[in-house]
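Data block below; observations after.
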Amino acid sequence: MSPVEERIAAIWREILGPDLAPEAPIGVEDDFFVLGGTSLQAMALVQRLREEFGIPLGLGAVVEDATLSGVGAAVTSGGGAVRS
């Protein structure tokens, strides 16, 4: 897991709070929504990522690929979704 992904995973833990078991590991293929994230929490996630990384991340980048690796790639690319 990259340092960016580790920071994002920590933010996921903050946002998902009690919905996520504290001892449960978050892996790069885990999906924000499968872990219990809602659309409102996704909007909070986007705002938090904008603040943390100083990038113009859009909600679409998170919705398009909500895995930790996908969100990490969007953050690393400066806010846009990375297509493979």
Side-chain angles (χ1 to χ4, degrees):
M1 185 178 306
S2 75
V4 167
E5 290 167 341
E6 288 177 7
R7 288 171 64 191
I8 295 169
I11 294 168
W12 283 19
R13 285 194 181 286
E14 291 174 20
I15 291 173
L16 295 173
D19 296 332
L20 186 63
E23 69 282 350
I26 296 176
V28 295
E29 295 305 315
D30 285 328
D31 184 290
F32 181 79
F33 297 107
V34 172
L35 292 176
T38 65
S39 57
L40 288 175
Q41 288 173 317
M43 291 184 344
L45 172 64
V46 167
Q47 183 58 38
R48 184 75 170 76
L49 293 172
R50 287 176 182 164
E51 293 168 1
E52 179 77 16
F53 295 99
I55 57 168
L57 185 71
L59 181 60
V62 172
V63 172
E64 184 174 310
D65 186 352
T67 62
L68 181 58
S69 63
V71 175
V75 166
T76 302
S77 72
V82 176
R83 299 181 191 277
S84 45

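Any value given below was found using the heavy atoms of this structure, including those in side chains, with hydrogens, waters and symmetry copies removed.
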*Name all pairs fulfilling the ring-ring contact (aromatic ring centres under 6.0 Å, His included) condition that reach into residues 24-47, sequence neighbours left out, sorted by first residue then second.*
Trp12-Phe32
*What pairs of residues pass the ring-ring contact (aromatic ring centres under 6.0 Å, His included) test when at least one of them lies in residues 48-74, not counting sequence neighbours?*
none
*Measure the OG1-CD1 distance between Thr38 and Ile15 for me, rounded to the nearest 0.5 Å.*
9.5 Å
*By side chain to side chain contact (heavy atoms under 4.5 Å, CB included), which residues pair with Glu14, not counting sequence neighbours?*
Arg48
*Nearest 0.5 Å please: distance from the CG atom of Leu35 over to the OG1 atom of Thr67.*
10.5 Å
_Side chain to side chain, Ile55 and Leu49, heavy atoms closer than 4.5 Å_ = no
_Filter on salt bridge (charged side-chain N to carboxylate O under 4.0 Å, His left out), then keep only pairs touching residues 26-44, sequence neighbours left out; what's left?_
none
*At what distance, to the nearest 0.5 angstrom, does CG of Leu45 lie from CG of Leu57?*
7.5 Å
*asked:* With a 4.5 Å cut-off on side-chain heavy-atom distances among I, L, V, M, F, W and Y, is there a chain of contacts connecting Leu16 to Val34?
replied: no
*asked:* Nearest 0.5 Å, please: how far is OG1 in Thr76 from CD1 in Ile8?
replied: 6.5 Å
*Is it true that a side-chain atom of Glu5 and a backbone atom of Gly72 form a donor plus acceptor pair closer than 3.5 Å?*
no
*Could I get the full list of side chain to side chain contact (heavy atoms under 4.5 Å, CB included) partners for Glu6, not counting sequence neighbours?*
Met1
*asked:* Tell me the closest heavy-atom pair linking Gly78 and Pro56, and the distance in Å.
replied: O-CD, 3.4 Å
*salt bridge (charged side-chain N to carboxylate O under 4.0 Å, His left out) contacts in which one or both residues fall within residues 67-78, not counting sequence neighbours*: none
